[in-house]
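Computation of the quantities below employed the complete heavy-atom set of this structure, encompassing side-chain atoms and omitting hydrogens, waters and symmetry-equivalent molecules. Residues: numbered from 1 along the sequence shown. Since this is a predicted model, take the numbers as computed values, not measurements.
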Amino acid sequence: MKTYNNPAKNTWAAITQRPAKEANTLGATVKAVFEDIKENGDQALKNYTEKFDGVILSDLKVSQQEIDNAIPLVSQELKDAIVLAKNNVEKFHAFQKIEKKVISTVNGVDCWQEMKPIEKVGLYIPGGSAPLFSTILMLGVPAKIAGATKIVLCTPPSKDGTINPAILFAAQLVGVTEIYKLGGIQAIAAMTYGTESVPSVYKIFGPGNQFVTAAKQYALTQGLAIDMPAGPSEVMVVADKDADASFVVADLLSQAEHGADSQVILVTESQKLIDEVQIELEKQLAELPRQEVARLAIENSSAILIDSIDAQNELINEYAPEHLILNVLNEDVYLDKIVNAGSVFIGPLTPESAGDYASGTNHTLPTNGYARMYSGVNLDAFTKKITYQKITAEGIQNIGPAIELMAAAEGLDAHKNAVTLRLNSLKK
């Protein structure tokens, strides 16, 4: 882990630069796959699943029998943990509902806004070495609360053509309506265009590798919405001199184990803590099953000593971390100053993994600096807001003349006439 001692501000961007992405050679591949699936539907999906995943499928859709057979394979302890997490996620996101409120902007002019569901949503859930069944809770629960009528889930199959039982349990628990054995570019293309088996959706959610990310960005050009630009996982841990080095390292490694392109950053005023962290890193790395991946991520990472709290806050906002952990005894000197972060974890006893699983907040968050302008997934992400207005005779008389003047000044006489006719009708 590289270390820096009070680096000059003009070097911050360089020393916190995210791992370089591979040269953009994916565009042609993504486009070709999308066009093939648009043209050839299910057969193309099966061909790509065989090519990319090494699995020959007869049916793309997971049957109810497969779900029923898989659920008993999930231990009762894990089921109970998933249910607990689901309940907390449900409470937090239900709290985000906005009730209809009518405002009279002037007498006789009532305006309001109502949340309506995005009816058809697609969830992409990575499988492979880390089947992210927790992400089903983060996406399926708010989709259901919002009122989505079709929740389509795509996840890559294992080599034997099955889906991880915990994924199937979580999907059924939250009310996913359809599950398909599809991963990668082909899954995103299927939900974009629809095929004989897979329905198209209006918006796609979920994390994925560079292929999935590129496919979601291409889907945008095809008229679909996506949750947000997404990239490798990242965490910034701000720790004071009283922080426990073992806690700090555990939090750093919780993101480093996601992938070799993840990034973790420690910010502290204590050189002693940095020294302790370097030692503790080796101890904890040695015990991790995914230590090879984590070690590669640590190479992308830094420990930065900064004496000034104000400068630390500036660095936080410049970096705009996906996850920000404040492992400090006095969080108040940070909280009011933080404007760019995906999710904030406050205090020594609040690990980032709490948000990943069971505290109730959503773990689908903006990465790669997008926290400067994007929120993490929330109930709003599964809704759109429709505005309404109702105008009485008094109301049109109150605002009509202003509308006439403004429309005439813009040269839009039909707009003006729509008001003038109504005003004249009231004079009769």
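Side-chain contact check for Tyr388 and Gln113: no donor-acceptor pair (N or O, by modelled atom type) lies under 3.5 Å. Between the side chains of Glu322 and Tyr370, not a single donor N or O lies within less than 3.5 Å of an accepting N or O. A donor-acceptor contact closer than 3.5 angstrom links the side chains of Asp36 and Tyr48. Side-chain polar atoms of Asp307 and Asn6 form a donor-acceptor pair below 3.5 angstrom. Between the side chains of Asp160 and Thr162, at least one donor N or O lies within less than 3.5 Å of an accepting N or O. For the 3.5 Å distance criterion, the side chains of Asn362 and His93 qualify, holding a donor opposite an acceptor.
With Arg295 contributing its side chain and Glu292 its backbone, the two residues share no donor-acceptor pair below 3.5 Å. Judged by distance alone, with hydrogens and angles left aside, the side-chain atoms of Gln389 form no donor-acceptor pair with the main-chain N or O of Trp112 at under 3.5 Å. Side chain of Asn398 to main chain of Asn107: a donor-acceptor pair is present (N/O by atom type, distance under 3.5 Å, no hydrogens or angles). Here the side chain of Lys9 pairs no donor or acceptor atom with the backbone of Glu314 at under 3.5 angstrom. Of the possible polar contacts, none joining the Asn327 side chain to the Ala243 backbone as a donor-acceptor pair under 3.5 Å is found.
For an aromatic pair to be called close, the ring centres must be under 6.0 Å apart, and Phe205 with Tyr124 fails this. Aromatic ring centroids of Tyr218 and Phe34 lie under 6.0 Å apart.
Using a 4.0 Å cut-off between charged side-chain N and carboxylate O, Glu114 and Lys385 make no salt bridge. Using a 4.0 Å cut-off between a side-chain N of Lys or Arg and a carboxylate O of Asp or Glu, Lys86 and Glu90 qualify as a salt bridge.
Around the NZ atom of Lys79, the shell of radius 6.0 Å holds more than 12 heavy atoms that belong to other residues, nucleotides or ligands. Enclosure of atom NZ in Lys241 is not indicated, since only 12 or fewer non-hydrogen atoms of other residues, nucleotides or ligands lie within 6.0 angstrom. Heavy atoms from other residues, nucleotides or ligands lying under 6.0 Å from CD1 of Ile386 number more than 12.
A cation-pi contact, defined as under 6.0 Å to the ring centre and within 45° of the axis, links Arg18 to Tyr319.
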- Apply side chain to side chain contact (heavy atoms under 4.5 Å, CB included) to Tyr334 and Ile316, showing your working. CA-CA 10 Å; Tyr334 296 94; Ile316 291 167; 4.2 Å; yes
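When each of Gln263, Glu234, Glu352 is checked for a side-chain hydrogen bond (donor to acceptor under 3.5 Å, both in side chains) with Gln255, only Glu352 meets the rule.
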